[in-house]
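Notes follow once the structure below has been shown.
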Amino acid sequence: MVQDIRIVGTGQLLELQRRLRRAGHENIRSSMQRRIRRAAEPLRDDLQDAIEHLDIRSQGRGSGKRGGPSLTTRPLRASIAAAIRISVRTTGDVGARVWLDRSLLPPDIPMGVVNRLNEGRLRHPVFGNKRRWAQQTATPLWWDKTERNHLDRINSEVARVADDVRRHLE
């Protein structure tokens, strides 16, 4: 299932943010936010690349079956890739978050479609006909594998940023 990816070291980051606010170091705080965002950007870019190049296959049409052009002009993969976002928070749940913004998905692509693609299969009505369904397969766990490949690097980068800020405050 596609999940939000949160890069957090909440205790350390939260304490650093409080100390920065008290000390009035707005430029250091904004630099810290920018560096945490930059640490998460390669993950977002790779997730977008993974969905754009995701191999989605179907069983194909049997002989004598009718077909036709898609009813939409918007590609599925590009729509999902455009909805992947990064947010950096400095209060509450401090850290970076890479997530899929549902509000940026077209209304005819529910969140369940993205979750099913991550599971490796997608079952959908043929051209909206609820009496006729098609099943397509995709490379499973594209979100999870991409996330796992980046997690150690991002966590070490966030720890490095926290150490740099802590050193500057002392």
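Heads up: numbering here begins at 1 and tracks the sequence. The structure displayed is predicted, hence computed values, not measured ones. Every heavy atom of this structure was used, including side-chain atoms; hydrogens, water molecules and symmetry mates were not.
Residues that satisfy the side chain to side chain donor-acceptor pair (under 3.5 Å) test with D55, not counting sequence neighbours, are R57. Here D152 pairs with nothing under the side-chain contact (heavy atoms from CB on, under 4.5 Å) rule; sequence neighbours left out. Judged as a side-chain contact (heavy atoms from CB on, under 4.5 Å), and not counting sequence neighbours, the contacts of P110 are V113. R37 is linked by a side chain to side chain donor-acceptor pair (under 3.5 Å) to nothing, counting only residues two or more places apart in sequence or in another chain. Shown here are the side chain to side chain donor-acceptor pair (under 3.5 Å) partners of E41, two or more places apart in sequence or in another chain: there are none. The side-chain contact (heavy atoms from CB on, under 4.5 Å) check on I56 picks up L54, L76, R77, L117, Q136, A138, with sequence neighbours excluded. With sequence neighbours excluded, the residues that form a side chain to side chain donor-acceptor pair (under 3.5 Å) with D49 are H53. Among residues two or more places apart in sequence or in another chain, the salt bridge (charged side-chain N to carboxylate O under 4.0 Å, His left out) test is passed with D164 by R35, R167. The side-chain contact (heavy atoms from CB on, under 4.5 Å) search around A82 returns none, not counting sequence neighbours.
Listed here is the closest heavy atom pair of V98 and W143: O-CZ2, 4.2 Å.
Every pair passing salt bridge (Lys or Arg N to Asp or Glu O under 4.0 Å) that includes a residue from residues 154-163 is listed here, sequence neighbours excluded: E157-R160, D163-R166.
Side-chain contact between W142 and N118 is present, with heavy atoms from C-beta onward closer than 4.5 Å.
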